[in-house]
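Here is the structure we will look at, set down as structure tokens.
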2 protein chains.
Amino acid sequence: MAAVAPRRQPTLDEVAERAGVSRSAASRVINNAPHVSRATRDAVEKAVKELGYLPNRTARALATRQTGIVALAVPDDDPQLFADPFFAQVIVGVSAALEDTDLHLLLCLASSGRGRARLTKLLQTRGVDGILLVALRGDDPLTDIVRRAGVPAVYGGRPLHFEPEWYVDSDNVGGARLATEHLIGLGRTRIVSITGQMCTEAGAARHRGYREAMVIAGLSPHGTAEGDFTEAGGAAAMKTLLDEHPDLDAVFAANDNMAAGALRVLGGSGRSVPGDVAVVGFDDLGIAERTEPPLTTVHQSIQGLGKEMTRLLIGVIAGQERSSIILPTRLVLRESA
Amino acid sequence: MAAVAPRRQPTLDEVAERAGVSRSAASRVINNAPHVSRATRDAVEKAVKELGYLPNRTARALATRQTGIVALAVPDDDPQLFADPFFAQVIVGVSAALEDTDLHLLLCLASSGRGRARLTKLLQTRGVDGILLVALRGDDPLTDIVRRAGVPAVYGGRPLHFEPEWYVDSDNVGGARLATEHLIGLGRTRIVSITGQMCTEAGAARHRGYREAMVIAGLSPHGTAEGDFTEAGGAAAMKTLLDEHPDLDAVFAANDNMAAGALRVLGGSGRSVPGDVAVVGFDDLGIAERTEPPLTTVHQSIQGLGKEMTRLLIGVIAGQERSSIILPTRLVLRESA
DNA sequence: ACGATGGCTGGGAGCGCTTCCAGCGACAGT
DNA sequence: ACTGTCGCTGGAAGCGCTCCCAGCCATCGT
């Protein structure tokens with residue numbers, strides 16, 4: 001069994017003394033900087049091992065002005081919303097990217113005024129090296145707070161009406177086109193669109209992709225209803241569309257939740273899927289496999305999003321010249337279309 | 001509009017100089033320590049405001065030997081498992097408790113060897129003031145790592161075969177008794193139990209509660225099958241029990257997932273719930289409301305768990321004499337029993 | 001033989017804060 | 001007048017690290 005935790009961690013000075021070298025020399029070895037002789041290196045390494053030395057994070061942070069911590073700010077602390085698997089996926093992605101670095105992840109639930117104040121203070125007191133922001137609405141106060149603090153920031157998804165210097169986003173337009181083209185390829189022509197909130201970038205972009213695909217194919221958009229990315233919203237939108245365009249033969253829903261709602265309503269109206277109406281969704285975050293029938297949808301990797309955001313942020317912190325990233329999406333064929 | 005972020009944050013020295021006092025005096029004002037005259041206080045506060053001074057977190061941490069950060073270690077980074085709403089709830093609870101402190105939350109996904117190594121290093125390099133551990137199996141290596149590091153630690157739920165110095169746990173035994181007593185009160189006598197893994201404390205405790213209630217009522221346990229806390233496991237256990245005890249009239253499942261599986265199997269076997277068989281679950285984490293019929297279950301507050309763990313940890317870090325906590329559970333009546 | 005190079009070294013000055021402590025004047029008690 | 005208290009003060013020594021820089025010795029070219 002290893003020794004019990006020492007009361008006090010040894011310091012670099014102690015290591016240096018034991019190794020019979022100066023503190024600077026010891027430091028050089030620890031950081032394996034150049035200009036260290038073989039003998040010095042060996043002596044220091046021996047002392048380190050014997051003492052069980054590990055550099056104090058805080059002291060190093062003070063000297064280097066780098067905390068080794070990146071924050072992930074989540075604009076919602078409503079348990080329901082944070083419980084969305086989306087965030088868990090982002091976190092897993094971020095963690096994966098952090099895995100082979102010395103950086104750690106600080107999680108900030110910052111929706112309430114209180115939470116935001118805490119975050120502001122954290123940034124201004126140089127508590128973190130950079131920050132990751134996801135799922136922001138265009139007018140979220142976080143945008144401003146972060147800009148003011150002058151801390152490197154990477155956005156996941158673009159807020160509407162604001163193009164951050166660095167962001168990672170899924171190819172929403174491309175994905176929506178893919179979905180719509182698939183429906184067109186199936187021979188459908190009376191394709192309607194259930195959109196997300198048009199006041200979000202994703203909502204707007206996915207609808208744009210749908211329209212582009214229609215126009216390119218020489219079709220005119222057959223009908224559109226705005227949902228809110230929830231299943232209930234999707235169901236309501238589907239009802240409206242069914243009233244206005246009873247002849248519709250396909251629907252593109254801007255996410256899977258809404259597609260699930262649409263599926264339910266279509267079933268209720270006696271239409272078969274994909275027989276009478278083909279349906280495709282967007283996201284592929286689990287529910288798509290559990291609908292009846294399973295949903296053909298556009299897959300975007302949220303873990304990938306988190307991972308790329310983190311890599312980008314690390315680059316930015318390191319002062320590298322980096323540019324934003326658009327992540328590809330792909331169509332996943334199941335039974336609904 | 002407010003000024004742009006200053007290139008460099010002002011330091012305490014600058015504040016002191018501007019206020020015409022010594023750095024110690026300024027520090028005393030900032031930390032509102034005693035022995036500060038009215039004049040000094042005013043002068044410093046004025047300077048602070050004018051300069052927009054905020055103390056540097058890292059420097060303070062080095063001087064006080066307190067990082068102002070607590071870690072939450074999650075033993076699973078499998079996206080599927082971390083996506084469990086359980087963790088989101090814990091995080092929300094923890095965040096709530098942290099809200100009116102100066103502490104921040106560091107999230108560590110520490111299941112892989114790599115993740116564990118990172119955590120070990122974080123603890124040993126004095127990167128955090130304390131750590132919160134949830135959902136540990138008895139033999140999880142984290143237990144050891146944490147003990148060795150000698151960092152204040154609070155457990156959420158007790159690992160089997162190991163009673164941590166500080167933990168917060170739901171009253172699993174009490175909750176299971178409540179559930180079972182309810183079934184008994186309904187006049188059921190042939191009550192079976194679907195357990196979770198008996199190698200977890202929660203699994204064992206909930207089964208114990210069931211048995212105690214049966215014994216107290218003068219009934220003998222009518223049958224037991226071990227599940228694994230998943231819906232599929234619950235379904236399998238239910239099948240087994242139906243084979244062995246076709247006359248059963250009630251089932252206590254150690255969590256809602258398994259209860260949902262049991263419900264499905266019971267429906268498939270032509271039995272009505274709660275008519276032929278009454279079912280009660282445990283957890284009340286969302287699914288319970290969405291089963292058919294909605295599930296009567298034992299409610300435990302996971303947010304409350306996170307909150308209490310955090311409060312306890314803060315106390316322990318502050319050096320207070322604190323003891324572990326058992327959180328009450330309560331029965332939520334829906335339609336399945 | 002000479003200076004020029006160049007790897008290695010330790011001293012020391014930070015990083016920005018807290019906190020101990022000696023010292024100060026003012027004021028009360030004798 | 002002298003001592004003792006007491007509230008307040010600034011100097012200075014940390015906290016544990018990084019990193020610049022002047023200085024040292026060998027080696028090299030001429």
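Because the structure is a prediction, the values reported are computed rather than measured. All values below were derived from every heavy atom in this structure, side-chain atoms included, with hydrogens, water molecules and symmetry-related copies excluded. Protein chains get the first letters and strands the later ones, always in sequence-line order, with residue 1 at the start of each.
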Provide, to the nearest angstrom, the distance between the [atom1] atom belonging to [X] and the [atom2] atom belonging to [N].
X: B/Gln66; N: C/dT18; atom1: CD; atom2: C1'; value: 13 Å
X: B/Tyr53; N: C/dG16; atom1: OH; atom2: P; value: 10 Å
X: B/Arg38; N: D/dT9; atom1: CZ; atom2: C1'; value: 18 Å
X: B/Arg41; N: D/dG7; atom1: CZ; atom2: P; value: 15 Å
X: B/Arg60; N: D/dG16; atom1: CZ; atom2: P; value: 18 Å
X: B/Arg57; N: C/dC17; atom1: CZ; atom2: C1'; value: 14 Å
X: A/His35; N: D/dG23; atom1: NE2; atom2: C1'; value: 15 Å
X: A/Ile30; N: D/dG16; atom1: CD1; atom2: P; value: 15 Å

Heavy atoms of B/Arg126 and B/Thr67 approach each other most closely as O-CG2, 3.4 Å

Of the listed nucleotides ([options]), which one gets closest to any side-chain atom of [X]?
X: B/Arg23; options: C/dT18, D/dC8, C/dC8; answer: C/dT18
X: B/Leu12; options: C/dC8, C/dC20, C/dC17; answer: C/dC17
X: A/Leu62; options: D/dT18, D/dG16, D/dC8; answer: D/dG16
X: B/Arg28; options: C/dC8, C/dC20, D/dC17; answer: C/dC20

Any donor and acceptor pair, going by atom type alone, linking the side chain of [X] with main-chain N or O of [Y] inside 3.5 Å?
X: B/Asp140; Y: B/Leu142; result: yes
X: B/Arg118; Y: A/Leu98; result: yes
X: B/Thr120; Y: B/Arg116; result: yes

- Sugar-phosphate only, base, or nothing, as touched by B/Ser27 at under 4.0 Å among non-hydrogen atoms: base

Report yes if at least one side-chain N or O of [X] is closer than 4.0 Å to OP1 or OP2 of [N]; otherwise report no.
X: A/Thr40; N: C/dC8; answer: no
X: B/Ser22; N: D/dG11; answer: no
X: A/Arg65; N: C/dG16; answer: yes
X: A/Asn56; N: D/dC15; answer: no

Closest to the 5' end of DNA chain D, once B/Ser24 and B/Thr64 are matched to their nearest nucleotides, is B/Ser24

### Task
Assess whether one donor atom and one acceptor atom, taken from the side chain of B/Arg126 and the base of D/dG16, lie less than 3.5 Å apart.
no

**Lys/Arg N to Asp/Glu carboxylate O, A/Lys46 vs A/Asp42, below 4.0 Å** = no

